[in-house]
Every structure is written in structure tokens, then in C-alpha cells.
Amino acid sequence: MDAVEFHREPPSNVPTMVVAFGGWIDAGEAVTGAMRYLVHHLAASHLASIDPEDFFDFTQVRPVVRLTAEGERVIRWPRSAFWTWQPPEARAGLLLFRGMEPQRRWRTYATALLDVAAHCGVQRIISLGALVADVPHTRPPRVTGSSTDPAWHARLEAWGIYRRPSYEGPTGIASVVLDAARRRGLVSLSLMGHAPHYVRGATNPAVSRALLGYVTRLLNLELEMSPLEQAVQAFRTQCDQAVAQDASTQAYVRRLEQAYDTTGDEAPRPQRDADFNSEQLMQELEDFLRQERDQGAE
């Protein structure tokens with residue numbers, strides 16, 4: 001594990017890992033946002049990092065410069081990090097991972113990630129994802145899932161969110177990691193949140209909350225959700241205000257609501273007016289939400 005830097009001695013009895021990748025399936029930063037929230041509110045401990053040097057094109061995912069309280073300039077590189085959480089009572093803990101999708105050497109990267117998991121005793125993996133869909137921001141985000149584990153599969157069925165994988169086409173690092181995990185004999189579960197396509201450039205805490213809701217149910221976790229609920233309410237208010245700026249946008253969102261309420265998960269794509277410009281709408285919404293955030297930070 002030459003590419004991995006451990007910051008302390010890893011545990012050997014953590015059976016479950018939760019992974020979150022930014023990029024390909026992180027619509028609205030819901031996946032990485034959910035993992036940040038989980039790490040913070042579980043007070044998980046930093047365990048290790050994968051050195052980005054061999055895996056990232058730094059002209060595509062650039063390091064950033066930050067200033068410390070003393071005014072010192074510090075370069076922060078793209079991060080692929082592991083945390084562990086051990087509950088106070090005598091039960092199994094968690095290995096948590098968050099990273100950006102790398103540009104290079106995916107198989108080597110997946111091997112490094114899974115070697116850390118094996119070192120910690122991981123036997124099953126939960127992968128978080130989020131995609132854009134024709135769904136309204138005014139309704140609870142949908143989450144669908146699939147699993148190679150019979151017990152988890154049964155729970156997804158019971159909750160009504162199981163979907164048999166049917167996608168064919170280009171894929172992301174999460175799929176590569178899960179395929180490599182399967183070859184090692186690990187079982188996995190994938191959760192996919194559905195984010196409104198017309199606000200995909202904005203951070204979407206509602207989808208983060210929906211994903212975490214199922215993670216906590218699967219793993220019997222107690223997680224304080226009130227700060228996230230407040231962020232969801234603020235996001236909903238901002239989206240409502242942005243949509244209210246344009247009559248055609250309001251009409252389109254109403255059609256999305258009708259499709260969501262009437263036909264459930266198999267809703268057809270609502271018809272759009274001839275003058276409905278989705279790209280312009282997304283840009284206007286992103287500009288509006290960005291202005292709201294900037295004003296709130298002042």
C-alpha cells in the first residue's frame with residue numbers, strides 16, 4: 001500500500017465501509033455532502049489518505065491555496081481520505097471514505113482503497129450516489145438501491161426502493177471499486193439519490209438527507225439530523241424564490257409535481273413548452289442561489 005499514508009494504527013474489526021465519490025455521480029454534491037455530514041456528526045477519526053500524485057490530473061482537479069489564521073499560504077491537494085468510527089457501546093464500527101473521482105490508474109486506485117478496507121476487516125460496502133432526474137424540488141427526493149447481499153436486498157425490497165441494475169454505458173470509479181470488491185468476495189449495496197436536473201449546479205442538502213436516512217436505517221445509526229433539516233428548509237426556500245421569478249419555470253415545476261404524484265417512480269418525462277430553455281433556467285437558478293449564499297455569508 002505504497003500510495004496510502006496511515007495516520008495511526010488501523011483497526012482490524014470494522015465490517016462495514018461507506019464510500020462517497022465526488023464527480024460522476026455526485027449531483028448537487030449530495031454524496032460528498034452526506035459523507036462530510038456523517039464524518040462530522042459521528043466525530044469519526046481520520047485514519048489514512050491515498051496520495052493523489054499518481055491518480056489525479058492536477059490541471060483538471062486543481063489544488064487550492066488557503067490562508068491560515070497566521071496568514072501562511074497552504075496548498076490543499078485533492079483528497080481521498082478514510083475515517084473510522086467506533087461506537088461507545090460494544091458493537092461494530094464503520095470505515096468511511098470520501099474522495100474525488102481520479103483521472104488516472106483506476107484499477108490501481110481501487111486496489112489501494114480495497115487494501116485499506118481489507119486491513120480493517122471490511123466485509124460489506126455501501127456506495128452512495130446521486131444523479132439528476134426529472135423530479136421537482138418540492139417533493140421528497142427519491143432514492144433507489146440495489147445490493148449483492150440477500151439480506152440487504154430484502155430490506156430494499158421491503159422499503160420499495162429496490163431497482164434491478166439495468167444501465168449500460170460509460171461508468172465511474174464507484175462501479176469500478178464495487179466490481180473489484182465483488183471479485184474479492186465482498187458484498188455491496190448502492191444507493192442512488194435523484195436530484196432535480198434544473199438545480200444541479202447548486203449544493204442539494206435534501207438529497208444528502210435522503211441518502212443518510214437510508215444509511216442510518218440500514219446500519220441502525222443514531223444521527224442528529226436537525227442541522228441538515230435546517231439546511232434543507234433553507235434550500236427549499238431559495239429554490240422556491242428562484243422558480244417564482246419566471247412563469248414558464250413555475251408551470252414546468254407543476255408538471256413535474258403532477259408526474260411525481262401520479263405515476264411514482266415510473267413517471268414519464270413531462271413535456272416542456274417550446275420556449276422552455278432548461279440550460280438558461282439552470283444558469284438563472286444557479287446565479288440566484290449563488291447570490292443568496294453570498295448575501296448570507298456577508
Side-chain angles (χ1 to χ4, degrees), residues 14-46 79 81-88 91-100 122 124-133 135 137-147 149 151-153 155-156 158-163 172 174 177-178 188-196 199-200 202-236 238-239 265:
V14 181
T16 304
M17 176 167 68
V18 184
V19 300
F21 285 102
W24 181 260
I25 51 169
D26 188 21
E29 299 182 358
V31 173
T32 47
M35 182 57 72
R36 287 190 184 94
Y37 191 91
L38 193 60
V39 167
H40 177 72
H41 287 272
L42 288 180
S45 301
H46 191 204
R79 195 179 196 192
F82 300 84
W83 294 262
T84 57
W85 172 73
Q86 294 289 348
R91 63 187 182 94
L94 292 173
L95 178 64
L96 307 174
F97 174 84
R98 187 186 82 237
M100 288 297 297
V122 167
R124 56 187 191 173
I125 299 173
I126 297 174
S127 175
L128 305 182
L131 50 75
V132 293
V135 293
H137 73 277
T138 54
R139 298 293 186 268
R142 290 198 178 104
V143 175
T144 55
S146 62
S147 179
D149 176 72
W152 273 351
H153 177 105
R155 296 186 74 177
L156 296 179
W159 294 338
I161 68 168
Y162 171 76
R163 297 294 180 273
V177 169
L178 294 185
S188 64
L189 180 146
S190 297
L191 292 172
M192 187 69 65
H194 299 197
V199 288
R200 63 185 171 192
T203 301
N204 192 325
V207 179
S208 296
R209 179 191 60 181
L211 289 168
L212 287 175
Y214 283 106
V215 170
T216 56
R217 291 173 70 182
L218 279 165
L219 301 177
N220 298 314
L221 288 177
E222 293 184 4
L223 189 66
E224 174 56 53
M225 298 288 253
S226 57
L228 192 53
E229 294 286 354
Q230 293 171 10
V232 170
Q233 290 300 319
F235 174 75
R236 167 67 186 273
Q238 291 172 354
C239 287
D265 291 337

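Quick caveat, the model's predicted, so the values are computed rather than measured. One-based numbering along the sequence shown.
For F82, the ring-ring contact (aromatic ring centres under 6.0 Å, His included) test picks out F97, with sequence neighbours left out. Take A81 and apply the side chain to side chain contact (heavy atoms under 4.5 Å, CB included) test, not counting sequence neighbours, and it matches H46, S49, R79, W83. The side-chain hydrogen bond (donor to acceptor under 3.5 Å, both in side chains) test applied to R36 returns no partner, not counting sequence neighbours. Contacts of R139 classified as side chain to side chain contact (heavy atoms under 4.5 Å, CB included), with partners at least two apart in sequence or in another chain: P136, E257, Y260, D261. Taking H41 as the reference, nothing meets the side-chain hydrogen bond (donor to acceptor under 3.5 Å, both in side chains) condition, with sequence neighbours excluded. Considering only residues two or more places apart in sequence or on other chains, E224 meets the side-chain hydrogen bond (donor to acceptor under 3.5 Å, both in side chains) condition with S226. Contacts of R155 classified as salt bridge (Lys or Arg N to Asp or Glu O under 4.0 Å), with partners at least two apart in sequence or in another chain: none. Among residues two or more places apart in sequence or in another chain, the side chain to side chain contact (heavy atoms under 4.5 Å, CB included) test is passed with T84 by R8, P11, S45, L47, L95. For the side chain to side chain contact (heavy atoms under 4.5 Å, CB included) test, residues two or more places apart in sequence or in another chain that qualify with P15 are A92. Partners of E229 under the side-chain hydrogen bond (donor to acceptor under 3.5 Å, both in side chains) rule, at least two apart in sequence or in another chain, are R209.
Put simply, the side chain of I161 reaches to within 4.5 Å of the side chain of L191, judged on heavy atoms. Counting heavy atoms from C-beta outward, H194 and L131 have side chains that approach closer than 4.5 Å. For the pair P205 and Y37, the minimum side-chain heavy-atom distance is 4.5 Å or more. Inter-residue side-chain proximity for V31 and F21 is flagged as unmet; no heavy-atom pair is nearer than 4.5 Å.
Among pairs with a residue in residues 15-28, those fulfilling side-chain hydrogen bond (donor to acceptor under 3.5 Å, both in side chains) read T16-R124, D26-T32, at least two apart in sequence or across chains.
D149 CG to L189 CG: the interatomic distance, rounded to the nearest 0.5 Å, is 8.0 Å.
Between S146 and L156, the shortest heavy-atom contact is N-CD1, 3.5 Å. When all heavy atoms of L228 and S208 are compared, the closest pair comes out as CD2-C, 4.3 Å.
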